[in-house]
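Only heavy atoms go into these numbers, but all of them, side chains included; no hydrogens, no water, no symmetry mates. Proteins get letters first, then strands, A, B, ... in listed order; numbering begins at 1 in each.
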Amino acid sequence: MTIQIHNSLTGRKEALVTLEPHHVRMYVCGMTVYDYCHVGHARSLVVFDTVRRYLRHAGYRVTHVRNITDIDDKIIQRAQENGEPMSALTERFISAMHEDCDALGVERPEHEPRATEYIGPIVAMIARLIENGYAYVARDGDVLYAVAKFAGYGQLSGKRLADLRAGSRVEVNEAKRDPLDFVLWKRAKPGEPFWASPWGDGRPGWHIECSAMSVALLGDHFDIHGGGMDLKFPHHENEIAQTCAACDSQFVNTWMHNGFVNVNAEKMSKSLGNFFTVREVQKTLRPEVMRMFVLGSHYRGPINYSHDSLQQADSALERLYTALRGVVVEWGVASVATARFAEAMNDDFNTPEALAALLALARDLNVAKAAGDARQASQFAGELLSLAKVLGILSLEAEVWLKALPGQSLDAPSVDPAAAEIDALVTARIAARKAKNFVESDRIRDQLLARNIVLEDGPQGTTWRYG
RNA sequence: GGCGUCGUGGCGGAGUGGUCACGCAGCGGACUGCAAAUCCGUGUACCCGAGUUCGAUUCUCGGCGACGCCUCCA
């Protein structure tokens, strides 16, 4: 059972062969912390969390690194605008990010290195690049990477230097030997935060931190490097140039890139201003819906963000939870669904197909329930839950989820203050039905329905849920 | 201009050289006091044109269209 992964470097699916047996070392580009996570960030977070979960499920030890960029131009600018120290700003958004991760069911990686804590390794790597002849100190004091010196430049993005120079929108900078050269170390201007270096006080450029931190934590040759499609060029291309030139190594075996979240067929992005933050959206949704939304399409394709898409994710989740409702769980029995699930996930993490396996299992479960086969139902429930866990969904009790209100966190669903009142109305309706007073019972049902509460009369009595 | 991704039924979204995705919505039926949930059944789907083939939605070429990267961006 091998796992096939689409490698952006070669453009095809390849069997995962880890450098160390049973151990995957994976680096994923994380956030620049000057604002809240939006749905685009959420997708990347969820996608690679799912990769991590599946690899562990498949028996690998996973060392997962997700960096935090806590020094760059935008952070400096934002901190100045707010009139607060940079560290106050970054700390705030780091905790916000962690809250968002919790809401999305995204586990903490093994390492979350911050750029500012790796200035030493960054400086050392830049020094090595200069030594090896790949970097130079420009007239204005910045240290630049000499792109032309690196033969493999463009291998990931499929670009040629000549093409890039031709119609490039890269700003012309007199200090650069080549317009495509990029900054490794940026000289501090007055009032800007800085660290000491052999080239004067300054700060790291954008790309070097990832090279330095991945090498420091995973070594100069590791298995998987991931991130959003938009990082492919120039960020990841530059990382390859830096690490390969500094360490004379292979660097990364498999590059993985997730597709964008679109809004009306346009990329959701900060610059377009068409973004929704995770916390904003989470207020109107039950927990896990956004994760389900992400899992509902393959990670490499685009997904369109809309109220309707979210609604559909909610429906599918509701179907799964409804099936599980009231069933005693028996663990450890696998049906054909488990094989289908594994086959789907082994094929480049095909989560839509994996979800289809879960939904098929829900049907089996419903059938067993209807047939009165409690044992069989329990086994299907156990199987469904153990597979769902690999995807990071169905983490709540069915009853809790179905009665949850939008905006509740995954960890501590608050008790709905209206629950007691709703229960009282349900009890009153049961009495009315017993007395065959259907006018009254229907009145109560309609009254609750107006509050988006759906009643279900089953053989075991009446239950309610939010619709 | 360069490079790249994509175009599947009402909607979302997998997949395949020749029987099945799956979910939502719709329709018919079962169940129900009526519903809801659930189950069963139900859809002339694969952008256009040419080619390869016994056979293409799936492979090749061309076209059209959408999007992305080439500047910060998950």
S.K.: Kindly indicate whether the side chain of A/Lys159 and the base of B/C69 share any N or O donor-acceptor pair separated by less than 3.5 Å?
M.R.: yes
S.K.: If you write RNA chain B from 5' to 3' in dot-bracket form, with Watson-Crick or G-U pairs under 3.5 Å, [ ] for crossing pairs and | for pairs with another strand, what do you get?
M.R.: (((((((..(((.....[...))).(((((.......)))))....(((((..]....))))))))))))....
S.K.: Assign A/Asp72 to base, sugar-phosphate, or nothing according to its heavy-atom contacts below 4.0 angstrom with the strands shown.
M.R.: nothing
S.K.: Any N or O donor-acceptor pair under 3.5 Å from the base of B/G2 to the side chain of A/Arg160?
M.R.: no
S.K.: Without hydrogens or angle criteria, can the side chains of A/Glu14 and A/Thr254 be said to hold a donor-acceptor pair below 3.5 Å?
M.R.: no
S.K.: For a quick check of understanding: with a heavy-atom distance under 4.0 Å over all strands, which category does A/Ser441 fall into, base, sugar-phosphate or nothing?
M.R.: base
S.K.: Classify A/Val39 by what it touches in the nucleic acid, base, sugar-phosphate, or nothing, heavy-atom distance under 4.0 Å.
M.R.: nothing
S.K.: Quick check: do A/Val39 and A/Phe293 have side-chain heavy atoms less than 4.5 Å from each other?
M.R.: yes
S.K.: Show each protein N/O and nucleotides 23-26 of chain B N/O combination with a separation under 3.5 Å, one pair to a line.
M.R.:
residue: B/G23; atom: OP1; partner: A/Arg363; partner atom: NH2; Å: 2.8
residue: B/G23; atom: N2; partner: A/Gln312; partner atom: OE1; Å: 2.5
residue: B/G23; atom: N2; partner: A/Gln312; partner atom: NE2; Å: 3.4

S.K.: If the P atom of B/U19 is compared with that of B/U32, how far apart are they to the nearest Å?
M.R.: 40 Å
S.K.: Measure distances between side-chain N and O atoms of A/Arg445 and base N and O atoms of B/A35, and say whether any donor-acceptor pair falls under 3.5 Å.
M.R.: yes
S.K.: Just compare B/C69, B/C70, B/A21 and give me whichever is closest to any side-chain atom of A/Leu164.
M.R.: B/C70
S.K.: Taking only the side-chain heavy atoms of A/Asn366 (C-beta and beyond), determine which of B/C11, B/U38, B/A74 contains the nearest atom.
M.R.: B/U38
S.K.: Looking only at the side chain of A/Thr32 (C-beta and beyond, no hydrogens), which of the listed nucleotides B/C11, B/G33, B/A74 gets closest?
M.R.: B/A74
S.K.: Does A/Asn350 make a side-chain N or O approach to OP1 or OP2 of B/G15 shorter than 4.0 Å?
M.R.: yes
S.K.: Provide the distance between the two C1' atoms, one in B/G43 and one in B/A50, to the nearest whole Å.
M.R.: 30 Å
S.K.: Applying a 4.0 Å non-hydrogen cut-off, can you work out what A/Ser309 is touching in the nucleic acid: base, sugar-phosphate, or nothing?
M.R.: nothing
S.K.: Starting at the 5' end of RNA chain B, which residue's closest nucleotide do you reach first, A/Gly458 or A/Gly158?
M.R.: A/Gly158
S.K.: Just checking A/Gly30: base, sugar-phosphate only, or nothing, at a heavy-atom cut-off of under 4.0 Å?
M.R.: sugar-phosphate
S.K.: For residues A/Val62 and A/Arg52, report the shortest heavy-atom separation together with the two atoms involved.
M.R.: CG2-O, 4.1 Å
S.K.: Under 4.0 Å, heavy atoms only, any strand: does A/Lys267 hit a base, just the sugar-phosphate, or nothing?
M.R.: base
S.K.: Judged by each residue's nearest nucleotide on RNA chain B, which is more toward the 5′ side, A/Lys232 or A/Val367?
M.R.: A/Lys232
S.K.: Between A/Asp457, A/Asp442, A/Asp423, A/Asp446, which is the residue that forms a salt bridge (charged side-chain N to carboxylate O under 4.0 Å, His left out) with A/Arg429?
M.R.: A/Asp457
S.K.: Checking contacts here: which listed nucleotide (B/A36, B/C70, B/C72) is nearest the side-chain heavy atoms of A/Phe233?
M.R.: B/C70
S.K.: Identify which nucleotide among B/G68, B/A21, B/A36 has an atom closest to any side-chain atom of A/Arg465, counting heavy atoms from C-beta outward.
M.R.: B/A36
S.K.: B/G33 base stacked by A/Phe438? Criteria: ring centres under 5.5 Å, plane angle under 30°.
M.R.: yes
S.K.: Testing A/Asp314, A/Leu394, A/Leu355 one by one against A/Met292 for a side chain to side chain contact (heavy atoms under 4.5 Å, CB included), which residue passes?
M.R.: A/Leu355
S.K.: Using the C1' atom in both, what is the distance from B/U8 to B/C22, to the nearest Å?
M.R.: 14 Å
S.K.: Let's see if you get this right: which residues in residues 289-298 of chain A place a heavy atom under 4.0 Å from RNA chain B?
M.R.: A/Gly296, A/Ser297, A/His298
S.K.: Quick one: does A/Asp442 reach the base of B/G33 with a side-chain donor-acceptor pair under 3.5 Å?
M.R.: yes
S.K.: Counting the atoms with a prime plus P, OP1 and OP2 as sugar-phosphate, which does A/Lys436 contact under 4.0 Å by heavy atoms, base, sugar-phosphate, or nothing?
M.R.: nothing
S.K.: Under 4.0 Å between any heavy atoms, over every strand shown, what does A/Arg78 touch: base, sugar-phosphate, or nothing? Just pick one.
M.R.: nothing
